[in-house]
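Below: the structure, in structure tokens.
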Amino acid sequence: MDFKNKLTYWYSNNKRDLPWRNTQNPYHIWLSEIILQQTQVKQGLPYYDAFIKQYPTVFDLANASEEEVLKLWQGLGYYSRARNLHTTAKHVASELNGHFPNNYKDLLKLKGVGDYTASAIASIAFNEVAAVVDGNVYRVLSRYFGIKTPINSTDGIKEFKKLASNLIDKEQPAKFNQAIMEFGATQCKPKNPNCTVCPLNDSCIALQKDMIEFLPVKLKKTKVKTRFFNFLVCIDNNKNTFLEKRTSKGIWQNLYQFPLLESHKSLSSEEFHLLNTEDSVLNNLKFDYSLYNTEDKVHKLSHQHLYTKFWIIETKELPNNSIAIKEIKNYPVPVLISSFIEAFNFNDL
DNA sequence: AAGTCGGGGGC
DNA sequence: GCCCCAGACTT
């Protein structure tokens with residue numbers, strides 16, 4: 001058997017039963033692919049089920065508000081995916097009569113759909129011969145063929161795309177694409193792959209040269225920035241609070257949070273007080289404050305480590321643009337905020 | 001070509 | 001602590 005036959009044979013006997021594998025509905029395939037971008041199946045699965053249930057058709061998704069979509073996406077991260085998802089749903093619903101493009105070239109034009117996702121939808125939903133190259137494919141091919149070209153270099157991206165295009169089973173592109181990805185996810189894993197039971201272990205270059213742990217090669221590491229966040233958890237006698245929407249570009253765009261004061265270092269209570277006397281959020285208000293967490297809560301993102309303090313601000317009456325505390329749960333918020341809300345028992349007030 | 005964008009999990 | 005995950009988009 002050749003490479004593609006070994007893979008598809010292995011896939012037939014080892015594939016997981018996943019909901020998006022029981023359909024060719026382009027809407028379902030598209031939804032699953034967006035959710036699974038940079039996301040493990042285990043993490044994305046419950047979100048897929050929730051979206052299908054909440055929005056059975058692309059029209060249902062198109063008719064929702066962005067805030068509702070972000071709320072359902074809450075916790076999954078990379079929120080631009082959710083915003084683009086909504087944009088594309090509206091486009092497909094209103095401009096394309098609810099019909100997704102049925103080929104790679106046109107799929108590529110959709111917002112949030114890049115080379116990988118266009119190839120995935122074209123092959124899986126429409127059986128087009130379009131090779132997918134995701135993190136799994138990079139790993140499988142770099143190891144099996146012993147390719148040291150960095151997978152995130154311009155040359156590497158072209159080289160692996162070309163190689164995958166030459167290897168794909170033209171008779172069953174949908175099965176081949178899913179097979180090589182599934183193989184990378186559960187057999188040719190990043191750490192400690194069990195090569196002794198691998199169907200490709202008689203011809204894998206990396207295994208022969210003992211290079212498994214050094215492939216694939218990837219350039220540069222991300223530089224992590226440290227930031228200091230002070231959230232103002234305002235509470236008044238009528239059980240109201242403040243939330244603000246993050247409208248600017250950057251992390252958590254269009255999600256909500258407690259009013260934020262960013263500082264250049266972790267603030268003491270005295271420094272925090274001084275900051276507030278000059279800040280507009282609380283001006284003209286008489287308030288008492290206390291620090292909820294003595295130790296900074298550290299929230300780690302890919303490129304940022306957030307050292308966070310939650311300041312509890314109690315006052316008699318907040319301005320009328322405040323919201324009822326019990327309404328907080330309706331707003332999409334970052335995990336950092338939702339974790340605080342859960343830990344901080346507002347009922348004890 | 002390099003940066004940015006989340007959160008969870010493996011080791 | 002570092003790396004990875006069914007990547008896309010911006011600069």
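Here is the naming used below: chain letters follow the sequence lines, and residue numbers restart at 1 for every chain.
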- Out of B:dC5, B:dG6, C:dC9, which has the shortest distance to the side chain of A:Y79? B:dG6
- Message: Under 4.0 Å, counting only non-hydrogen atoms across every strand here, what does A:G250 touch: a base, just sugar-phosphate, or nothing?
- Response: sugar-phosphate
- Task: Report which part of the nucleic acid A:K223 touches: base, sugar-phosphate, or nothing (heavy-atom distance under 4.0 Å, all strands).
- Result: nothing
- Between C:dA6, B:dT4, B:dG6, spot the one nearest the side chain of A:H303, thanks. B:dT4
- Task: Would you mind checking if A:E262 and A:R227 are paired as a salt bridge, meaning a charged N to carboxylate O distance below 4.0 Å?
- Result: yes
- Task: Nearest whole angstrom, please: distance from the C1' of C:dC4 to the CZ of A:R139.
- Result: 8 Å
- Between NZ on residue A:K90 and CG on residue A:L96, distance to nearest 0.5 Å: 14.5 Å
- Decide whether A:I52 and A:V92 are clustered together by the hydrophobic rule: side chain heavy atoms of Ile, Leu, Val, Met, Phe, Trp, Tyr closer than 4.5 Å, transitively. yes
- Query: Roughly, in whole Å, what's the span from CD1 in A:I151 to P in C:dG7?
  - Reply: 10 Å
- Message: Please determine whether a side-chain nitrogen of the Lys or Arg among A:D202 and A:K6 lies less than 4.0 Å from a carboxylate oxygen of the Asp or Glu.
- Response: yes
- Return the nearest nucleotide to the side chain of A:Q40; candidates are C:dC9, B:dG9, C:dA8. B:dG9
- Message: Please report the distance, rounded to the nearest Å, between CG in A:L31 and C1' in C:dG7.
- Response: 16 Å
- Nucleotide nearest A:Q43 (side chain, heavy atoms from C-beta), chosen from C:dA6, C:dA8, B:dG7: B:dG7
- Item | Of the listed nucleotides B:dG8, C:dC4, B:dC5, the one nearest the side chain of A:V335 | B:dG8
- Note on the structure: By nearest-heavy-atom nucleotide on DNA chain C, the more 5' of A:N84 and A:W20 is A:W20
- Query: Of all the base pairs, Watson-Crick or G-U under 3.5 Å, which form stems of three or more consecutive pairs involving DNA chain B?
  - Reply: B:1-5 with C:7-11, B:7-11 with C:1-5
- Query: In terms of side-chain heavy atoms of A:P334, which of B:dG7, C:dA6, B:dG6 is nearest?
  - Reply: B:dG7
- Message: If I take atom CZ from residue A:F242 and atom OH from residue A:Y256, how far apart are they, to the nearest 0.5 angstrom?
- Response: 14.5 Å
- Message: So that I can tick it off, tell me whether A:D169 and A:K175 are bridged by a salt bridge, with the cut-off set at under 4.0 angstrom between side-chain N and carboxylate O.
- Response: no
- Query: Within the pair A:W252 and B:dT4, is there a side-chain N or O less than 4.0 Å away from OP1 or OP2?
  - Reply: no
- When the C1' atoms of B:dG6 and C:dC3 are considered, how many whole Å apart are they? 15 Å
- Atom pair CZ (A:F3) and CD1 (A:I168), whose distance is rounded to the nearest 0.5 Å: 11.5 Å
- Whole-Å distance between C:dC9 P and A:Q38 CD? 13 Å
- Message: With no hydrogens and no angle check, just 3.5 Å: does a side-chain donor-acceptor pair link A:E342 and A:S339?
- Response: no
- Message: Closest-nucleotide mapping onto DNA chain B: is A:L219 or A:L76 further toward the 5' terminus? I mean the 5' end.
- Response: A:L219
- Taking OP1 and OP2 of B:dT4, is either one under 4.0 Å from a side-chain nitrogen or oxygen of A:Q304? no
- Within the modelled atom types, does a donor on one side and an acceptor on the other bring the side chain of A:R21 and the base of C:dA6 under 3.5 Å apart? yes
- Query: What's the closest nucleotide to the A:P190 side chain, out of C:dC4, B:dG6, C:dC9?
  - Reply: C:dC4
- Query: Roughly, in whole Å, what's the span from CG in A:L306 to C1' in B:dG7?
  - Reply: 12 Å
- Query: For A:K189, which contact category applies under a 4.0 Å heavy-atom criterion: base, sugar-phosphate, or nothing?
  - Reply: nothing
- Message: Students often get this wrong, so: under 4.0 angstrom with heavy atoms, is A:S32 touching a base, only sugar-phosphate, or nothing?
- Response: nothing
- Please check if the distance between the ring centroids of A:Y11 and A:Y9 is under 6.0 Å. no
- In whole Å, what is the span from the CD1 atom of A:I121 to the P atom of C:dG7? 13 Å
- Query: For the hydrophobic clusters of this structure (ILVMFWY residues joined by side-chain heavy atoms under 4.5 Å, transitively), does one cluster hold both A:L301 and A:F231?
  - Reply: yes
- Message: Output the rounded distance in Å from CG (A:D115) to C1' (C:dC9).
- Response: 14 Å
- Message: Nearest to the A:Y116 side chain among B:dT4, B:dC11, C:dG7, which nucleotide is it?
- Response: C:dG7
- Message: Measuring to OP1 and OP2 of C:dT11, would you say a side-chain N or O of A:K249 lies under 4.0 angstrom away?
- Response: yes
- Message: With rounding to the closest Å, how many angstrom separate the P atoms on B:dG3 and C:dA6?
- Response: 25 Å
- Task: Identify whether any heavy atom of A:G75 sits under 4.0 Å from a base atom; if not, whether one sits that close to sugar-phosphate; answer base, sugar-phosphate or nothing.
- Result: sugar-phosphate
- Calculate the interatomic distance between A:Y78 atom OH and B:dG3 atom C1'; express it in whole Å. 11 Å
- Does A:K42 make a side-chain N or O approach to OP1 or OP2 of B:dG10 shorter than 4.0 Å? yes
- Task: Would you tell me if any nitrogen or oxygen in the side chain of A:S302 comes within less than 4.0 Å of OP1 or OP2 on B:dT4?
- Result: no
- Using the closest heavy atom to pick a nucleotide of DNA chain C for each, name whichever of A:M181 or A:V113 lands nearer the 5' end. A:M181
- Message: It should be established whether A:Q37 places a side-chain nitrogen or oxygen under 4.0 Å from OP1 or OP2 of nucleotide C:dG7.
- Response: no
- Message: From C-beta outward on A:K220, which listed nucleotide comes closest to its side chain: B:dA2, C:dC5, C:dA6?
- Response: B:dA2
